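Everything below concerns the one structure shown next.
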Protein chains: 2
Amino acid sequence: MTTLPLPTVADVEAAAKRLAGHAVRTPLLEVSAVNARLGFRLLLKPEALQHTGSFKFRGAYNKLAMIDPADRARGVVAFSSGNHAQGVAAAAQRLGMPATIVMPADAPAIKLANTKSYGARVVTYDRWRESREEIARAIAAEQGATLVPPFDDPAIIAGQGTVGLEIAEDLAQLGLVADAVIAPTSGAGLITGIALAIKSRSPGTRVYAAEPAGYDDLARSLASDAITANAPGAVSLCDALMAPQPGVLTFAIARETLAGSLVVTDDEVQAAMRTAFLDYKVVGEPGGAAALAAVLTGKLPGPLKTVVAVLSGGNVDPQTFIDALA
Amino acid sequence: MTTLPLPTVADVEAAAKRLAGHAVRTPLLEVSAVNARLGFRLLLKPEALQHTGSFKFRGAYNKLAMIDPADRARGVVAFSSGNHAQGVAAAAQRLGMPATIVMPADAPAIKLANTKSYGARVVTYDRWRESREEIARAIAAEQGATLVPPFDDPAIIAGQGTVGLEIAEDLAQLGLVADAVIAPTSGAGLITGIALAIKSRSPGTRVYAAEPAGYDDLARSLASDAITANAPGAVSLCDALMAPQPGVLTFAIARETLAGSLVVTDDEVQAAMRTAFLDYKVVGEPGGAAALAAVLTGKLPGPLKTVVAVLSGGNVDPQTFIDALA
């Protein structure tokens with residue numbers, strides 16, 4: 001029997017100390033007209049405002065800041081559909097480390113360009129025919145660089161969990177207890193980090209994942225109590241949420257802490273992007289708006305008085321955004 | 001000789017106490033790719049994330065919270081091109097006061113609808129033929145309600161000035177001193193409130209207004225050292241910045257504290273809205289992006305190492321936003 005190196009809330013608290021002064025402390029936003037429509041208080045945590053336009057900076061910075069200074073000069077390698085790429089590139093730039101990022105050739109142009117803007121070397125691959133893991137591992141082995149996985153890593157999960165710690169702190173200051181906290185989910189690094197923090201501070205709060213249709217691997221993994229992959233080749237507007245299956249670590253945390261995973265369609269995600277624009281004045285990318293979509297379409301089980309939804313990223317091409325507004 | 005009832009930084013500090021727990025404490029956002037293009041650090045204060053989608057909530061809440069409880073039941077009246085309307089309506093709703101708002105019939109649909117969503121009664125007028133001041137004063141007299149002016153009022157200026165206090169606090173925490181702070185300007189309530197706070201905490205920081213072409217009344221008033229009105233009938237994309245001239249109080253503060261007012265075109269404002277979308281993930285309305293436009297187009301005199309720009313509002317119709325992105 002092997003013991004998994006699962007992070008705990010103490011790791012999330014340590015990550016918060018490393019990130020202090022380096023990550024944006026995003027506020028909780030509330031719009032009374034939306035609350036009135038929903039019949040409960042909805043607080044939105046806009047991680048689109050985080051450095052690099054998504055929460056991914058948190059996990060990446062925490063991971064890189066834990067690398068032994070003697071190993072930093074050999075740099076880091078990451079594979080990513082985009083937001084993790086930018087997070088690792090920006091964290092590496094801040095810490096003075098070289099970074100190589102393996103990205104799908106069909107990632108949104110803005111994500112490719114932004115990753116390069118942080119000084120990273122970008123290597124592209126064919127999403128349908130090549131293994132990004134193999135390419136990244138080969139580069140890491142060749143250069144002696146540290147591989148920074150997108151989600152299935154204790155330091156990454158702990159870093160993302162600082163989103164949950166901030167939510168818990170802000171709710172306490174407002175004198176509120178959330179009935180539910182929900183965040184967009186791909187490999188489940190964000191939602192499991194959040195769950196570690198929220199369950200530690202408020203055990204009665206239910207924590208939910210939100211996934212896009214076709215990439216509802218966590219919902220199906222929870223239902224079968226075993227890691228279950230998506231059928232290959234599914235198409236979704238949520239380019240940031242296309243991981244093939246939950247991680248070993250993230251699933252182990254998810255099955256102990258999550259109340260469920262709610263599945264949303266592309267149309268529901270576009271409507272949530274419109275609400276984020278009209279009511280919260282925040283730019284949401286499709287995947288980033290998945291949790292808001294689940295809340296707005298009434299998918300969260302009640303009773304509900306106070307809900308927190310994370311808007312996890314805002315890296316979206318203008319035309320995709322225009323399509324959602326139109 | 002009469003003495004003007006000019007607010008001081010002590011009034012701004014008192015306003016900050018009244019607003020604590022009621023206004024959103026907006027963060028400072030920074031994007032390294034933008035900094036690299038500019039050659040200095042730009043920190044963006046996104047007041048679009050404030051309740052009602054603009055800074056106007058701050059001044060309105062401060063003003064209403066200072067009304068004697070015995071007078072609150074008779075309510076408040078305001079005239080506004082939109083953002084002040086929403087600010088007063090939302091503040092009144094929070095304080096349990098009835099509100100009547102006099103708005104131009106051609107204000108953006110979203111602003112009319114949102115004002116009503118806060119429970120306010122809306123009375124419309126013809127921007128080119130009727131006097132909103134007269135209509136509002138008549139309603140106030142009839143109902144015994146308190147008139148809440150959009151900018152030329154010590155409590156309003158002090159409330160908006162909390163934007164400046166937060167900037168000063170956050171800069172101190174980052175160990176930074178700003179060379180320049182700039183905010184969009186119409187009647188100059190925001191920029192003069194900010195100037196009171198910034199000049200108190202950091203006397204060497206230069207404070208600038210940003211105005212749209214055709215509504216550059218403050219720039220011309222500062223140049224002539226006398227309140228100067230805009231020529232009537234000018235057209236601008238910046239519907240939130242169309243006040244006819246600076247206020248008596250705001251001009252008195254402006255001439256003592258401001259380093260100048262920089263004028264931007266509609267095209268420059270649209271480009272700034274695109275940058276707010278692409279880089280900062282914040283929705284900016286045209287007028288809200290005027291200060292960012294002035295910075296991005298190099299209008300701020302140097303030398304510059306650290307600059308703070310306020311993005312003052314995000315209440316924009318989808319089509320206007322789409323036009324700016326396209």
Side-chain angles (χ1 to χ4, degrees), chain A residues 20-21 23-34 36-37 44 46-54 86 89-90 93-94 110 113-119 170 173-175 274 276-285 288 311 313-326, chain B residues 20-21 23-34 36-37 44 46-54 86 89-90 93-94 110 113-119 170 173-175 274 276-285 288 311 313-326:
Chain A
V24 177
R25 200 181 189 303
T26 51
L28 290 180
L29 305 179
E30 193 174 7
V31 173
S32 55
V34 178
R37 289 202 294 274
L44 189 74
E47 278 295 302
L49 308 180
Q50 190 52 259
H51 297 313
T52 73
S54 92
Q86 293 183 60
Q93 189 177 48
R94 282 182 176 241
I110 186 176
N114 286 351
T115 303
K116 289 176 190 165
S117 85
Y118 295 110
D170 287 1
Q173 199 160 24
L174 291 165
R274 277 196 295 279
F277 165 83
L278 284 171
D279 292 305
Y280 296 92
K281 315 305 176 190
V282 175
V283 176
E285 64 182 275
L311 189 144
N315 292 313
V316 52
D317 278 316
Q319 192 54 54
T320 304
F321 197 75
I322 290 170
D323 292 345
L325 292 193
Chain B
V24 178
R25 201 182 188 302
T26 52
L28 291 180
L29 305 179
E30 192 174 8
V31 173
S32 55
V34 178
R37 289 202 294 274
L44 188 74
E47 277 296 300
L49 307 181
Q50 190 51 260
H51 297 314
T52 73
S54 91
Q86 293 184 60
Q93 188 178 49
R94 280 181 178 242
I110 186 175
N114 285 350
T115 304
K116 290 176 190 167
S117 84
Y118 294 111
D170 287 2
Q173 199 160 22
L174 292 165
R274 277 196 296 279
F277 164 83
L278 284 171
D279 291 305
Y280 297 92
K281 315 304 176 191
V282 175
V283 176
E285 64 182 278
L311 188 143
N315 292 312
V316 52
D317 280 314
Q319 192 55 54
T320 304
F321 197 75
I322 289 171
D323 292 346
L325 292 193

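Just so we're clear, the structure is a prediction, and the values are computed from it rather than from any experiment.
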With chain B, the option among Ser32(A), Ala276(A), Ala36(A) that has the most non-hydrogen atom pairs under 4.5 Å is Ser32(A)

If one checks every heavy atom of Tyr280(A) against chain B at 4.5 Å, the contacting part turns out to be backbone

Honestly, the part of Asp279(A) sitting under 4.5 Å from a heavy atom of chain B is neither

Test Gln319(A) against Leu325(B) for side chain to side chain contact (heavy atoms under 4.5 Å, CB included), laying out the working first. CA-CA 8 Å; Gln319(A) 192 54 54; Leu325(B) 292 193; over 6 Å; no

When the 4.5 angstrom heavy-atom criterion is applied to Pro27(A) and chain B, the contacting part is side chain

Separation between CG (Leu28(B)) and CD (Gln173(B)), nearest 0.5 Å, reads 10.0 Å

message: side chain to side chain contact (heavy atoms under 4.5 Å, CB included) for Val282(A) and Leu49(B)? Distances and angles first, verdict last.
response: CA-CA 8 Å; Val282(A) 175; Leu49(B) 307 181; 3.6 Å; yes

Rounded to the nearest 0.5 Å, the OG1 atom of Thr52(B) sits from the CD atom of Glu47(B) at a distance of 9.5 Å

Honestly, the part of Leu29(A) sitting under 4.5 Å from a heavy atom of chain B is side chain

Residue from Ala90(A), Ala326(A), Gly314(A) scoring the most non-hydrogen pairs under 4.5 Å with chain B is Gly314(A)

Under 4.5 Å to a heavy atom of chain B? For Gln93(A) that would be side chain

task = Kindly say whether Asn315(A) contributes a backbone atom to a donor-acceptor pair with the side chain of Glu285(A) at under 3.5 angstrom?
result = yes

Taking it one step at a time, do Asp170(A) and Arg25(A) satisfy side chain to side chain contact (heavy atoms under 4.5 Å, CB included)? CA-CA 11 Å; Asp170(A) 287 1; Arg25(A) 200 181 189 303; 3.1 Å; yes

Cut-off 4.5 Å, heavy atoms of chain B, and the answer for Val24(A) is side chain

